[in-house]
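Structure first, then comments.
It should be emphasised that the depicted structure is a prediction, and the values quoted were computed from it without experimental measurement.
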Amino acid sequence: MPIVSISLNPEILSELDKLQKSMGFSGRSEAIRAGIRTFVSEEKQRSELEGNIHAILLVVHNDEFDHVVSGIKHNFEDLITTHLHSKIEGEKCMELFVIDGDAKRVSTITKDFQVNKNMDTVKLVTL
């Protein structure tokens, strides 16, 4: 099996170690492979979406990045039917977008949040 090196900050490494132990993975590599498999599966499912869809997009971030969320949100106002913003813990914010529109645009807004390194969690749920 090829070896791929990655860099993780101490916070993510600590979370990875907790997941490894709590889920019973034999090592960090097993936990990372499981995460990558999930990510690949979700991306494949998202890329196969077609037509007009209804979805919920969940984004968690530090409150100092509210302006980043606003910037992305403004580019997709035609898709967003409802937007809820909530403080969840300390400096963390949760954004919940109810979306209705073209699957390709829904994929694009999701990707715009996913590729932004300032977002902690991005999850799309299609209905």
Non-hydrogen atoms of C93 and D63 that approach each other most closely: SG-CB, 3.4 Å

Residues, nucleotides or ligands: over 12 heavy atoms within 6.0 Å of K44 NZ: no

Non-hydrogen atoms of V69 and F97 that approach each other most closely: CG1-CZ, 4.0 Å

Reported NZ-to-OG distance for the pair K111 and S107, which is rounded to 0.5 angstrom: 9.5 Å

Heavy-atom neighbours of E64 CD exceed 12 at 6.0 Å: yes

Hydrophobic cluster identity match, F76 and L57, side-chain contacts under 4.5 Å: yes

Please table the atom pairs, donor to acceptor, closer than 3.5 Å between any side-chain atom in residues 120-127 and protein atoms at least two apart or in another chain.
from: D120; atom 1: OD2; to: K92; atom 2: NZ; distance (Å): 2.2
from: K123; atom 1: NZ; to: E42; atom 2: OE2; distance (Å): 2.6

Interatomic distance, R28 atom CZ to L19 atom CG [nearest 0.5 angstrom]: 12.0 Å

Derivation of the side chain to side chain donor-acceptor pair (under 3.5 Å) call for N52 and D100: CA-CA 7 Å; N52 194 61; D100 181 26; 3.2 Å; yes

Residue pair V106 / G101: nearest heavy atoms and the distance that separates them: CG2-O, 4.1 Å

Distance-only donor-acceptor hits, side chain of residues 8-15, under 3.5 Å, sequence neighbours excluded:
from: N9; atom 1: OD1; to: E11; atom 2: N; distance (Å): 3.1
from: N9; atom 1: OD1; to: I12; atom 2: N; distance (Å): 2.8

Main-chain N/O of K104 paired with T108 side-chain donor or acceptor, under 3.5 Å: yes

Nearest atoms (heavy-atom pairs only) where L49 meets I53: CD1-CD1, 3.7 Å

Beyond-backbone contact of E43 with V40, side-chain heavy atoms, under 4.5 angstrom: no

Nearest-0.5 Å distance that lies between atom NE2 in H85 and atom NZ in K73: 10.0 Å

Rounded distance (nearest 0.5 Å) linking atom CG of L16 with atom CD1 of I32: 5.0 Å

Minimal non-hydrogen separation, D66 against E95, with atom names: OD1-OE2, 4.0 Å

Residue pairs, two or more places apart or on separate chains, that pass ring pair (Phe, Tyr, Trp, His ring centres under 6.0 Å) and touch residues 19-72: none

Connected via hydrophobic side-chain network under 4.5 Å: M119 and L58: no

side-chain contact (heavy atoms from CB on, under 4.5 Å) assessment of I109 paired with I80: CA-CA 10 Å; I109 187 175; I80 301 167; 4.3 Å; yes

Residue pair R33, M1: steps toward the side-chain contact (heavy atoms from CB on, under 4.5 Å) verdict: CA-CA 12 Å; R33 280 192 287 274; M1 190 177 305; 3.6 Å; yes

Distance in Å, Q20 CD paired with K18 NZ, rounded so as to fall on 0.5 Å steps: 13.5 Å

Whether over 12 other heavy atoms sit under 6.0 Å from Q45 CD: no

Gap separating the OG atom of S70 from the NE2 atom of H83, nearest 0.5 angstrom: 7.5 Å

I99 and I56: CA distance, side-chain angles, deciding distance, side-chain contact (heavy atoms from CB on, under 4.5 Å) verdict: CA-CA 6 Å; I99 298 173; I56 296 169; over 6 Å; no

